[in-house]
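Input: a single structure, listed below in structure tokens.
Convention: sequence-line order gives letters A, B, ...; per-chain numbering from 1. As a basis for the values below, the full set of heavy atoms in this structure was taken, side chains included, without hydrogen atoms, waters or symmetry mates.
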Protein chains: 2
Amino acid sequence: MDPLSSTLSALADPTRRAIIARLAAGEATVNELAAPFDMSLPAVSKHLKVLERAGLISRGRNAQWRPCRLEAAPLKGIADWIERYRDFWTHGFDRLDSYLDELQRNEKSDHE
Amino acid sequence: MDPLSSTLSALADPTRRAIIARLAAGEATVNELAAPFDMSLPAVSKHLKVLERAGLISRGRNAQWRPCRLEAAPLKGIADWIERYRDFWTHGFDRLDSYLDELQRNEKSDHE
DNA sequence: AGGTTAATTAACTTTTTGGTTTATTGCAGC
DNA sequence: GCTGCAATAAACCAAAAAGTTAATTAACCT
């Protein structure tokens, strides 16, 4: 799966977004991350694996704990992607202008 | 499903993102949207339904055609959501600062 | 060594997703 | 009123997602 798709699908789950929000406040262990949820520990462990495979978190090892840390790059990837569409909600999407902008934009970037 | 989750999961598919990119250039019919893909028409029709249910597109009726139009609100929803994490990739994520910022932020907004 | 805690793995279930093919609806134009 | 084209609906299938419980690994502690 392409990076943007895996980032977006990782973030499409509210549990995982809550984990991300928690990690924005600093590192945390698996049990700490699992505490707020009415869900088994293996379920949270799986969510973490999804986030890790998407590159959104990384994990260290400290004795028997695996502290999780938020990683910036994939979030930036999404921010960059969505930036292309900012015109739509700022200038009340004049379609002809957008079309011309888009043509220009496509000359030097991908179409993802 | 909450709005942010359905928006993100709708966008987690490269075919659907390509459709969005195409619609940024202006309205298009289902057949026009389907043309670039090596995929049956019903498959594209389903993708459009996913986008529509997420509010990312709306559809008019013009004789036998259903022109699709890009809608701004859900995209803005994502941009707003991700904005909270901008500190992570701009100022090289000093974790203590982020933590304090986050605490402030949580006092007046949700946790999604 | 034995027990406890942190976390993952395994095996399994259910639901959702993304695609197919075939059939159906709705409109246009001769 | 047929024929043809745009689009959706129906029925089906395979694979992936999200959860469960039970078992396992790994590290610490006394």
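- A straight line from CD of E52(A) to P of dT8(C) spans 8 Å, rounded to a whole angstrom.
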Can you list the steps and then say if E52(A) with K49(A) is a salt bridge (charged side-chain N to carboxylate O under 4.0 Å, His left out)?
CA-CA 5 Å; E52(A) 189 176 31; K49(A) 191 177 294 178; over 6 Å; no
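- Listed pair S45(A) / dA7(C) fails the phosphate criterion, with no side-chain N or O lying under 4.0 Å from OP1 or OP2.
- Rounding to the nearest 0.5 angstrom, the gap separating the SG atom in C68(A) from the CG atom in L56(A) is 12.0 Å.
- For V30(B), whose side chain is taken as the heavy atoms from C-beta onward, the closest listed nucleotide among dT21(D), dG18(C), dA7(D) is dA7(D).
- Across dG19(D), dT8(C), dT8(D), the shortest atom-to-atom separation from the side chain of R59(B) is found for dT8(D).
- Along DNA chain C, the nucleotide nearest to R66(B) and the one nearest to K46(B) differ in position, and the one closer to the 5' end is contacted by K46(B).
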Walk me through whether L48(B) and R59(B) qualify under side chain to side chain contact (heavy atoms under 4.5 Å, CB included).
CA-CA 10 Å; L48(B) 291 174; R59(B) 285 191 264 195; 3.8 Å; yes
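- For Q64(B) and dT3(D), the CD to P distance is 18 Å, given to the nearest whole Å.
- Backbone-only contact: T29(B) has heavy atoms under 4.0 Å from sugar-phosphate atoms and none from a base.
- Atom CE in M1(A) sits about 14 Å away from atom P in dT17(C), given to the nearest Å.
- When all heavy atoms of L33(B) and P36(B) are compared, the closest pair comes out as O-CD, 3.2 Å.
- For Y85(B) against R17(A), the heavy-atom pair with the smallest separation is OH-O, 4.4 Å.
- Comparing W65(A) and V50(A) against DNA chain D, the residue whose closest nucleotide sits nearer the 5' end is V50(A).
- With rounding to whole Å, N31(A) atom CG is found 14 Å from dA27(D) atom C1'.
- The side chain of H47(A) places an N or O atom within less than 4.0 Å of a non-bridging phosphate oxygen (OP1 or OP2) of dG19(D).
- To the nearest angstrom, P of dT17(C) lies 16 Å from CE of M39(B).
- Nucleic acid contact for A63(A): sugar-phosphate only, since backbone atoms but no base atoms lie under 4.0 Å from a heavy atom of the residue.
- Residue R16(B) contributes atom CZ, which lies 8 Å from atom P of dT17(C) at whole-angstrom precision.
- Taking atom CG of residue L41(B) and atom P of nucleotide dG4(D), one finds them 19 Å apart after rounding to whole Å.
- Atoms CZ (R61(B)) and P (dA28(C)) sit 11 Å apart, rounded to a whole Å.
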